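Working notes for the structure below.
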Amino acid sequence: MSDPFDLSAFEEPQNFQSDASVMSEAARPEPPYLAALNEAQREAVEATEGPVLVLAGAGTGKTRALTTRLAHILNLGLARPGEILAVTFTNKASREMKSRVEGLLQRTVESLWLGTFHAMGARILRSHAELVGLKPNFTILDTDDQLRLMKQVIEAANIDEKKWPARNLSAIIGRWKDRGIGPETAGSDGTGDFAFGKGPELYAAYQQRLKALNAADFGDLLLHCLTLFGNHADVLADYQRRFRYVLVDEYQDANVAQYLWLRLLARAHHNICCVGDDDQSIYGWRGAEVGNILRFEKDFEGACVIRLEQNYRSTPHILAAAGGLIANNAGRLGKTLWTEAPEGERIKIRGVWDGEDEARSVGDEIEALQAKGHSLNEMAILVRAVFQMREFEERFLTLGLPYRVIGGLRFYERREIRDAVAYFRAIAQPEDDLAFERIINVPRRGIGATTMQAVHQLARARGISLMQAAVEIVGTDELRPQARRSMSDFLSRLDHWRAEKARLPQADLAEFVLDDSGYTEMWQNDKSPDAPGKLENLKELVSAMDEFENLEGFLEHVSLVMENEDSGAGDKVNLMTLHGAKGLEFDAVFLPGWEEGVFPNQRSLDEGGSTALEEERRLGHVGLTRARKRVFLSFAANRRIYNQWQSSIPSRFIDELPQDAIEYVSESGLYEGQQATALDSDHSSAFGTAERPQMGRRRSRYDRAVTSGGLILEGRSEAVVVRESAGSYRVGDRVFHQKFGYGQVLTVDGDRLQVAFDKAGTKKVIDSFVESV
DNA sequence: TAGGGAATATTTTTT
DNA sequence: ATATTCCCTA
């Protein structure tokens, strides 16, 4: 291992205009990249010293400002590349930053500390792993591994995993880690009620297991850094000295742990520049802390705050709509986006009968734009939740309209990829129990739960890895002959693969292992329609491995950086969630499903109250500001969610859009002109008398709110639905469930009910699945 | 141990 | 409706 603090190996600072370096400061011509900036951007670039917060609205050139700043620092020779830390949240963003900096400087730049928070955290940790109880080659677990480990921990503590699911614990621990809280300090807050307060205990056990496995989860990559910095002032001081400039992208998404990490690193020189937009903070549910951005000035004394407000993306109408919407949020720093662009079209709002109708009208609109020569690549449909996508996909398939879905499972999250990687992990790291467990019986080798239980038992009793335990148990007669033979066979193959590892390049090794293990064959024999695709993916994985130095390098990459398979070239409409759209832009944006319950999302509101409502609103703001020229917004009177019809009312967000930025278009006669019609006290009348046969059976939450005591208040084009108390049911109510029949409500917890059904027994159900009788 | 049928749970998901 | 996970039986 080379000394991470040895700066001698670093390249000398160099100016990209090498001939200019002899000129005096005054005679130096202004670098051309500065001329491309507006005044505020330029200020953000040139204020290199001291803390700077750049509040950059959507489309105001924040990436340009940030990358130019980085290039500028290098160009002035203020720091060598290795003395700059630039962090982003996504690999995509860091790749883009790197290539743009290189574009500005007209040369490649190596040895920058540029990458995601997690990648940078991992890089630091690898150098000091022992100081936090890990080995330098520790494994980085993904969510799937985490969950399985968590399950084991819960079961080991003799807790019913059904009552206290691993995913809940995982979320709780995740939030702790987000806030920089270790197992010692966990529990003093409200999240400690998992399994009657066993949360912190389980957290400690989980961390213990991680350490035993020589593994870290995503949260640990930062948390361990904090521990490291806290316990080893010398290490921290070295990094503080090293990183003379710190740059942060998308600062509004930083959680507390990341914030603390940054603050520690920048504490010595305060040369930290954070770029962000509080109005685009949409990951609060994942631990992002908008508070970070709001308190920047307090934490970094003498901070310079620069606002980027000139928008280069959207039309005034779109900006007005987005601005009008977001103005309803309290507790924001406040920005007003403006543009010199011509006015353009108003936002078109359309009320439709149902989701199918909505998909049809969006499809028509897309085809009309396409006929006028607009590229499909420049159109996007942004939905609140993935279940909204299906109707669009169906419609597009019918129309033969090419589309791509952005987001969804990442490449490395696919089962076949995870299996393959587990093979490689098991080869590279004999202690990786999780990998071993994953592949031991995939493909089927006749090694089932019983066998594994015995192995587990031995491993736990002796404090050894599963693989070691397996080796030992094979030497005894504890297993049944068949299992024993399979196990011994598998272990010897593993040995064989390990031996091959020394001889073969990793891609060849991978191919060999996948064939020799029978894994490829398993998919070849699989009749399911997606089996060929899986084989394709495996091929892709193997060929991608070529690019790495060795197997270990590849494994690091796979856990931190592995990309989504690109969704195919060609002219296609983009379909994605609002979250997935952040950072992207399109000429035309479709925003379907602006209905109460869908958007803002009811669950979100139930869980997070007004904070969540504001986040939903920011999500709307993000959606609107993705558009350059056109926005088509729609809402349906009826929506089928999980095979249940619900009638719905337009999103409150629609009422918050300024009147002169929008226009209603509606061939169906619904919601024509003013929505006041739609918000009549008896809203069902606004949808006409014809009801679908499927409807009327089921009464939605909103129906009930309207007809059974809830109120719809109307005030200057604002509609507020007031439901009775938190839920619509009370203990003792008689209810009917489609599957379980009649029953009586036992307990009410938000929208979750416990119901004693007459025939089916006591069940927990979501209140929208039952109706009162 | 494997495979089928029942039970369950469906907001968002940068790493 | 649908996907996943769980449980039980052959």
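Values in this document were obtained by computation on a predicted structure and should not be read as measured data.
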Among [options], the nucleotide that comes nearest once only the side chain of [X] is considered:
{"X": "A/Phe218", "options": "C/dT2, B/dT15, B/dT11", "answer": "B/dT15"}
{"X": "A/Thr451", "options": "C/dT2, C/dC6, B/dT1", "answer": "B/dT1"}
{"X": "A/Glu616", "options": "B/dT11, B/dT15, B/dT10", "answer": "B/dT11"}
{"X": "A/Thr116", "options": "B/dT12, B/dT15, B/dT11", "answer": "B/dT15"}

Hey, mind stepping through A/Asp253 and A/Gln258 against side-chain hydrogen bond (donor to acceptor under 3.5 Å, both in side chains) and telling me if it holds? CA-CA 9 Å; A/Asp253 290 337; A/Gln258 287 158 336; over 6 Å; no

For A/Lys582 and A/Ile447, find the nucleotide of DNA chain B closest to each by heavy atoms; which residue's nucleotide sits nearer the 5' end?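 Looking at the nearest nucleotide for each, A/Ile447 comes out on the 5' side.
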
Pick the nucleotide of DNA chain B nearest each of A/Arg444 and A/Trp285; which residue has the one closer to the 5' end?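 With A/Arg444 and A/Trp285 compared, the 5'-side residue is A/Arg444.
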
Stepwise, does the ring pair (Phe, Tyr, Trp, His ring centres under 6.0 Å) test hold for A/Trp261 with A/Tyr259? CA-CA 5 Å; A/Trp261 190 85; A/Tyr259 159 83; over 10 Å; no

Counting only side-chain nitrogens and oxygens, does [X] get under 4.0 Å of the OP1 or OP2 atom of [N]?
{"X": "A/Arg286", "N": "B/dT15", "result": "no"}
{"X": "A/Asn441", "N": "B/dA2", "result": "yes"}
{"X": "A/Lys151", "N": "C/dC6", "result": "yes"}
{"X": "A/Thr577", "N": "B/dT11", "result": "no"}
{"X": "A/Thr450", "N": "B/dT1", "result": "yes"}
{"X": "A/Arg603", "N": "B/dT12", "result": "no"}

Check: A/Glu358/A/Gln388 side-chain N/O donor and acceptor closer than 3.5 Å: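 Judged by distance alone, the side chains do not pair up.
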
Evaluate the ring planes of A/Tyr283 and A/Trp285, with Trp represented by its six-membered ring, and classify them as parallel (under 30°), tilted (30 to 60°) or perpendicular (over 60°).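 A/Tyr283 and A/Trp285: tilted rings.
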
In terms of relative ring orientation, are A/Phe89 and A/Phe117 parallel, tilted or perpendicular, with 30° and 60° separating the classes?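 Taking A/Phe117 first and then A/Phe89, their aromatic rings sit tilted (interplane angle of 30° to 60°).
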
Quick one: [X] [atom1] to [N] [atom2], roughly how many Å, whole number?
{"X": "A/Gln644", "N": "C/dT2", "atom1": "CD", "atom2": "C1'", "value": "14 Å"}
{"X": "A/Arg167", "N": "B/dA9", "atom1": "CZ", "atom2": "P", "value": "10 Å"}
{"X": "A/Arg148", "N": "C/dT4", "atom1": "CZ", "atom2": "C1'", "value": "15 Å"}
{"X": "A/Arg415", "N": "C/dA3", "atom1": "CZ", "atom2": "P", "value": "14 Å"}
{"X": "A/Leu578", "N": "B/dT13", "atom1": "CG", "atom2": "C1'", "value": "14 Å"}
{"X": "A/Lys162", "N": "B/dA6", "atom1": "NZ", "atom2": "C1'", "value": "13 Å"}
{"X": "A/Asn255", "N": "B/dT13", "atom1": "CG", "atom2": "P", "value": "18 Å"}
{"X": "A/Arg175", "N": "B/dT12", "atom1": "CZ", "atom2": "C1'", "value": "12 Å"}

Using atom types as modelled and distance alone, determine if a side-chain donor or acceptor of A/His579 lies under 3.5 Å from a backbone N or O of A/Ile282.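 Indeed, once roles are kept as given, a pair shorter than 3.5 Å links the two residues.
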
Taking the six-membered ring for Trp, does A/Tyr642 stack with C/dT2 (centroid gap under 5.5 Å, planes within less than 30°)?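 Whether judged by distance or by angle, A/Tyr642 falls short somewhere, so it does not stack on the base of C/dT2.
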
Hey, is A/Phe117 doing a stacking thing with B/dT15, by the 5.5 Å centroid and 30° angle criteria?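 Taking the rule of under 5.5 Å and under 30°, the ring of A/Phe117 does not stack on B/dT15.
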
Heavy atoms only, 4.0 Å cut-off, all strands: where does A/Ala449 land among base, sugar-phosphate and nothing?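 Here A/Ala449 touches the backbone only, sparing every base.
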
Separation of the P atoms in B/dT13 and C/dT4, to the nearest angstrom: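 Each nucleotide's P atom is 16 Å from the other's.
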
